[in-house]
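Counting starts at 1 for both ligands and their atoms, in listed order.
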Amino acid sequence: MESKFSANERKKILQNLSSKEFDILIVGGGITGAGIALDAASRGLSVALVEKDDFASGTSSRSTKLVHGGLRYLEHLELGLVKEVGREREIVHKNASHIVLPEKMILPIIENGTLGEFTTSIALYVYDYLAGVKKEENRKMLTREETIEKEPLIDSPILKSGAQYYEYKTDDSRLTIEVLKKAAEYGSLAVNYTEVTDFIYENKKIKGAEVFDKINNEKIKITAKYIVNATGAWVDKMRTKDKSLKGKRLHHTKGIHIVIQKSKFNLKHAIYFDVGDKRMIFAIPRFNVVYIGTTDTTYTGNLDNPDITKEDVQYLLNAINKIAPTANLKIEDVDSGWSGLRPLIHEDGKDPSELSRKDEIFYSKTGLISIAGGKLTGYRMMSKKVVDIVRERFKEDYNKSIGKCITKGIKLSGGEFKFEYSLGALVEYADKKYDEAKQTGISIENFKNLFYRYGTNIDTVTENAYEFYNQSKDTEKSWLKSEILYCIENEMVTKLTDFFIRRTGMIFFSINEIKPILNFVADEMATLLKWSPEIKQENLENFNQEYLHAISFK
Ligand code: FAD
């Protein structure tokens, strides 16, 4: 059976979307919309989801990529939030253990820093307690020598001592895709490149949306009992369309990240460090690179692709050079970057980094339910809140009972391991899968990258790679071809940028490896998606724009 989340099924999905009334229509295919789709579909509701660009193309592919307990919330004494997201990260890790992996963090304590030794020790203790952190992952205070021994690059004169604690690292856009794939298994219909241009009303109540399909340049109408606006940074634009933008509003803040090759900055451990202006930033090793972020500045520009300025980049470089002075990093050392927007709730007189990261739900008289703010980490709880509201409305409006939330126990696509999770068991499983794949000539390093991308779905990728390898005996092309096929048939890859940005993350973490394979990928996609030469050219140009954007500060 064809996957319901396949680019080849787009036409059929669009026909189905306009053929009946859904229980719920979700606008926005970031982590929030995806989570709501899974929650609602797994409670038995009929679900439609539309996304104006690619899934996760908004903030959900532009974060620091951590599923974290929110240590910074402690500073603002948001204890309830620390507890909620701290416990939540364990659930997200359990349900997607191929892409949400524990990461040891070093927190250097510096002269005149925001955090002193005593406050750090207490804060991390409270954090571990509230978040219910496993004993083996509890915080450990370190002397100056122990800190440098763990991370020699931070041997700075301002370093006093350090602390070690745990966070979880993830791939935000892949997490979004895995949620959507699971939602599709429960019957949700989601489609990318479909923009809500207007809402449809009946007796002043919102009943649907007019949607523009950007691939076929066609308009469709989707009707639903309830409409959820999960458009992140665009939430107020939708509230304006609904003429319900009153009271609280969004305050956008921009955060950028930069990527540096390990050959220039060979950081062994992730660090979370003091910038000196009361802000903290992360430097996180990943594959052959280290990424550093983030900034936090008020943003009022175009929401679609926020800029990465030289000043943003220099701010991060100054911070890293202060804590790791021997690195002496310069703009020329930076490979690429990305920039994302936090849809925060405006509070008069507060600086960007003081604004709460809490989520907020807005109700309009027309019935539109809007959700904004929050974190990637808390997506499941945010989704539960929204679907619980829909559940209440169903009872009131239709006297119909809807089930309770069951997503705590739902393994996401790719995370459906049969064994009891431990890091050791996961590594052993990955080794076993490599044994099954290695006759194609793939290196263990390349295979593991794919394994931690696709999890239990790796079997499909391996099977097709074997088939292609048996025909061509070309290892690299066989695996690439198999990955492209998998992403088209199971992850609705529709454009070249979807593959290079949100499915493989190559534009973020291995931008220099794209050029040699770009034409091959474009040719394969053109064949599989039956592109005309013009569409292929359009895709290449579109990719080139994104590529230039990622290096625009140079
Ligand atoms: P989005 O991902 O922006 O999704 C909204 C979607 O709606 C977009 O894809 C958009 O294209 C679509 N849309 C808009 N208008 C329309 C329309 N008319 N029709 C159809 N679709 C439409 N959280 C963490 O937990 N950990 C972190 O490490 C972390 N780091 C962060 C770092 C930065 C720099 C930033 C900015 C945020 C970070 N966050 C982090 C927060 C987290 O990334 C966001 O809370 C989350 O991604 C928001 O998801 P969303 O689905 O609400 O919004």
Side-chain angles (χ1 to χ4, degrees), residues 25-37 49-73 85 88-89 92 100 103 167-173 175-176 179-180 190-199 209-214 222 227-242 250 252-257 272 281-282 284 291 293-297 299 303-306 308 312 337-344 352 357-360 370-380 382-383 386 502:
L25 165 64
I26 302 156
V27 190
I31 191 68
T32 311
I36 297 168
L49 183 148
V50 287
E51 161 54 54
K52 79 175 170 65
D53 290 303
D54 185 24
F55 304 111
S57 57
T59 308
S60 299
S61 55
R62 300 156 185 263
S63 78
T64 308
K65 305 178 195 296
L66 290 173
V67 169
H68 59 150
L71 183 57
R72 68 181 300 280
Y73 305 141
V85 287
E88 195 52 29
R89 72 177 182 172
V92 182
V100 182
E103 178 80 17
E167 293 285 16
Y168 287 78
K169 75 174 169 194
T170 190
D171 179 324
D172 45 7
S173 47
L175 184 67
T176 307
V179 175
L180 283 165
V191 65
N192 48 7
Y193 298 102
T194 42
E195 176 166 4
V196 166
T197 50
D198 265 310
F199 289 123
E210 285 184 8
V211 175
F212 184 66
D213 167 14
K214 294 178 173 178
I222 305 176
I227 319 281
V228 175
N229 167 15
T231 54
W234 294 262
V235 153
D236 281 357
K237 282 196 188 278
M238 291 289 111
R239 292 169 74 205
T240 305
K241 260 192 214 310
D242 181 53
L250 292 191
H252 295 115
T253 80
K254 184 179 80 166
I256 75 135
H257 290 82
Y272 181 44
I281 63 177
F282 290 98
I284 304 172
Y291 67 99
T294 172
T295 54
D296 198 358
T297 48
Y299 182 80
L303 301 182
D304 278 326
N305 218 351
I308 312 167
D312 293 331
W338 69 87
S339 172
L341 297 178
R342 300 175 187 83
L344 305 177
R357 268 57 181 164
K358 250 180 160 161
D359 53 274
E360 184 103 15
S370 300
I371 178 154
K375 302 288 285 177
L376 190 75
T377 311
Y379 83 90
R380 200 191 62 85
M382 288 165 68
S383 309
V386 170
R502 281 144 320 245

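Of the N or O atoms in V196, one or more lie within a sub-3.5 Å distance of an N or O in ligand 1. An N or O contact shorter than 3.5 Å links G374 to ligand 1 by distance. Any N or O atom pair closer than 3.5 Å counts here, and T32 shares at least one such pair with ligand 1. Among the atoms of A233, none of the N or O lies under 3.5 angstrom from an N or O of ligand 1. Considering backbone and side-chain N/O of T294, none are found under 3.5 Å from N/O of ligand 1.
Panel note: side chain T377, backbone H68; a donor-acceptor pair is recorded below 3.5 Å. A donor-acceptor pair under 3.5 Å is formed between the side chain of S61 and the backbone N or O of A56.
For T231, heavy-atom contacts with ligand 1 shorter than 4.0 Å involve the backbone as well as the side chain. Within the 4.0 Å heavy-atom criterion, the part of R62 lying near ligand 1 is the backbone and not the side chain. Counting heavy atoms under 4.0 Å from ligand 1, residue V211 does not touch it at all.
Between M238 and ligand 1 there is a heavy-atom distance shorter than 4.0 Å. Heavy-atom separations between T194 and ligand 1 include at least one value shorter than 4.0 Å.
Comparing G30, S60, G232 against atom 48 (C) of ligand 1, the shortest heavy-atom distance belongs to S60.
Checked by atom type, the side-chain pair S173/D171 shows a donor-acceptor distance below 3.5 Å. Side chain to side chain, S63 and D172 meet the donor-acceptor criterion of an N or O pair below 3.5 Å.
In this structure, R239 does not pair ionically with D242, as no charged nitrogen and carboxylate oxygen lie closer than 4.0 Å. A salt bridge is defined here as a Lys NZ or Arg NE, NH1 or NH2 lying under 4.0 Å from an Asp or Glu carboxylate O, and D53 with K214 meets this definition.
Shortest non-hydrogen contact noted between F55 and V191 is CZ-C, 3.5 Å.
Between F282 and Y272, the ring planes are parallel. Angles under 30° get that label, and only those over 60° would be called perpendicular.
From the protein, the heavy atom lying nearest to atom 40 (C) of ligand 1 is K375 NZ, 3.5 Å.
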